[in-house]
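Counting from 1, the numbers follow the sequence of the chain as shown.
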Amino acid sequence: AVWKKCAHEKYEGGYCTGCGVEYKLEVSTYSSALIFVVKNKDGAKIKSRPYADRSVEVRVAAYKKELKITGKTKNVYGNIWYQLSDGNWVYSGDVVRQYKVTYDANGGKGAPSAQTFLSGEELKLATKAPTRGKYTFQGWSTSPDAKTVNYVPGAAYSKKADLKLYAVWSKCTHTFQYGICKDCKYEWAYETVNVADAVYAVSNSNGSSSYARPYAKASEKQTTYKKGNVVVVTHKATNENGAVWYKLKNGKWMKESDLK
């Protein structure tokens, strides 16, 4: 036999037409799977090899379906293909990278749910704010230890990168209204004192109402008592305004100034 080394001048389906050898692919792998979404409305054809050859077609991934990508390669024709977690391949032109923004309340509670967006899109960051007793929410930072804000709620984000945001807090000086801080929503920590089932009568000529808490907030009004009605008091407390309230045996509260 007389042999001549093949110059691999022409490939079809990744194989040299001269000697039949398969083109050697160089695959770059990712440290963790990336999420891509099918952007082709006709779906994306999943292949067993990174070539647009009908004979290697495995299945079709539907439009907008999420795919886990673990690596990529450039085939002999210069086309970029992505490798799926199951070892099969999808053409880069049929998919688009999906990014995720996640939120950490960073000592608080009620962080917004994670958001996703596609490469080339602009995302509006969540407007929901977390809460934390005795602290005021300032905004979001990329570091859990930051004192300054990198992003405010509702800001636009379009970088081609995943993002994790941590709540930035400042100690609240508290401006109370009806026992709740208007800034951080912290509830006034009033202390109750036992008064051993003392009996009182309503002394206010206009009568008196009981409330769910020791604050005269109309939406928390419970039962209205007439002048002279007798109530049994178990505890007393002073609210943030310095007003003394009595806790009734039924668990509701009345103003000390309305009782005698």
Item to check | Main-chain N/O of Y225 paired to S208 side chain as donor or acceptor, under 3.5 Å | outcome: no
Checklist entry - What about L248 and Y211, same hydrophobic cluster or not, with Ile/Leu/Val/Met/Phe/Trp/Tyr joined at side-chain heavy-atom distances under 4.5 Å? => result no
Checklist entry - side-chain contact (heavy atoms from CB on, under 4.5 Å) between L259 and M254: does it pass, once the steps are laid out? => result CA-CA 8 Å; L259 300 173; M254 291 183 72; 3.9 Å; yes
Item to check | side-chain contact (heavy atoms from CB on, under 4.5 Å) evaluation trace for Y157 with L163 | outcome: CA-CA 9 Å; Y157 180 77; L163 180 66; 3.7 Å; yes
Next on the checklist: Once rounded to the nearest 0.5 Å, what's the spacing between atom OG1 of T136 and atom CG of D183?
Outcome noted: 5.0 Å
Checklist entry - Looking at CG of N88 and CZ of R59, how far apart are the two atoms once the value is rounded to the nearest 0.5 Å? => result 5.5 Å
Checklist entry - What distance separates F36 CZ from L118 CG, expressed to the nearest 0.5 Å? => result 11.0 Å
Donor-acceptor pairs under 3.5 angstrom involving side-chain atoms of residues 10-30: please list them, not counting sequence neighbours.
| residue | atom | partner | partner atom | Å |
| --- | --- | --- | --- | --- |
| T17 | OG1 | K10 | O | 3.2 |
| E22 | OE2 | R49 | NE | 3.2 |
| E22 | OE2 | R49 | NH2 | 3.4 |

Checklist outcome for this item: Here the pair of heavy atoms bringing A105 nearest to A167 is O-CB, 3.4 Å
Next on the checklist: For the aromatic rings, using the six-membered ring if either is Trp, is the centroid distance between W169 and F137 under 6.0 Å?
Outcome noted: yes
Item to check | Joint hydrophobic cluster, V231 plus V195, side-chain heavy atoms closer than 4.5 Å | outcome: yes
Next on the checklist: Parallel, tilted or perpendicular, judged at 30° and 60°: which one describes the rings of Y99 and F117?
Outcome noted: tilted
Checklist entry - Judged by atom type as modelled, is there a donor-acceptor pair below 3.5 Å linking the side chain of R213 to the main-chain atoms of Y178? => result yes
Item to check | Flag side-chain contact, heavy atom, 4.5 Å: V38 against L67 | outcome: yes
Next on the checklist: Any side-chain to backbone donor/acceptor pair from Q115 onto K124? Under 3.5 Å, distance only.
Outcome noted: yes
Checklist entry - Is the side chain of N239 donor-acceptor paired with the backbone N or O of A243 at a distance under 3.5 Å, no angle test? => result yes
Checklist entry - How many angstroms lie between atom OH of Y82 and atom OG of S92, to the nearest 0.5 angstrom? => result 5.5 Å
Next on the checklist: Tell me the closest heavy-atom pair linking S85 and T70, and the distance in Å.
Outcome noted: CA-CG2, 3.7 Å
Checklist entry - CD/Q98 to NZ/K64 distance, rounded to the nearest 0.5 angstrom? => result 11.5 Å
Checklist entry - Is N150 reaching over with its side chain to a backbone N or O of T142, donor-acceptor style, under 3.5 angstrom? => result yes
Next on the checklist: Please say yes or no: joined through hydrophobic side-chain contacts below 4.5 Å, possibly via intermediate residues, are I80 and W89 part of one cluster?
Outcome noted: no
Checklist entry - What is the minimum heavy-atom distance between G228 and A201, and which atoms define it? => result O-CB, 4.2 Å
Item to check | Heavy-atom closest contact (S203 atom, K260 atom, distance) | outcome: CB-CB, 3.8 Å
Item to check | Heavy-atom side-chain contact between T116 and V37 under 4.5 Å | outcome: no
Checklist entry - Where do Y91 and N75 land on the side-chain contact (heavy atoms from CB on, under 4.5 Å) test, with the steps shown first? => result CA-CA 11 Å; Y91 175 51; N75 67 19; over 6 Å; no
Checklist entry - Is the shortest heavy-atom distance from the side chain of K164 to the side chain of K100 under 4.5 Å? => result no
Item to check | Sub-4.5 Å side-chain heavy-atom contact between V233 and D197 | outcome: no
Checklist entry - Can the ring centroids of W253 and Y190 be said to lie less than 6.0 angstrom from one another? => result yes
Item to check | Heavy-atom side-chain contact between R97 and L34 under 4.5 Å | outcome: yes
Checklist entry - Quick one: does Y135's side chain get under 4.5 Å of Y186's, heavy atoms only? => result no
Item to check | Aromatic ring proximity Y215/W188, centre distance under 6.0 Å | outcome: no
Checklist entry - What is the minimum heavy-atom distance between K159 and Y151, and which atoms define it? => result NZ-OH, 3.8 Å
Checklist entry - Would you say the side-chain atoms of D258 pair up with the backbone N or O of K255, donor to acceptor, closer than 3.5 Å? => result no
Item to check | Backbone N/O of Y166 and side chain of D104: donor-acceptor pair under 3.5 Å | outcome: no
Next on the checklist: Just verifying a value: how many Å separate E240 CD and Q177 CD, rounded to the nearest 0.5 Å?
Outcome noted: 9.5 Å
Checklist entry - Where the side chain of Q222 meets the backbone of E220, is there a donor-acceptor pair that is under 3.5 Å apart? => result yes
Next on the checklist: Check this for me, if you would: do D53 and K47 make a salt bridge, where the nitrogen-to-carboxylate-oxygen distance has to be below 4.0 angstrom?
Outcome noted: no
Next on the checklist: Would you say Y200 and Y246 are linked by a side-chain donor-acceptor pair, where the criterion is simply a distance under 3.5 Å?
Outcome noted: yes
Checklist outcome for this item: Taking every heavy atom of L84 against every heavy atom of V90, the minimum-distance pair comes out as CD1-CG1, 3.6 Å
Item to check | Chi angles and distances behind the side-chain contact (heavy atoms from CB on, under 4.5 Å) call for K45, D94 | outcome: CA-CA 8 Å; K45 295 176 180 179; D94 288 338; 5.5 Å; no
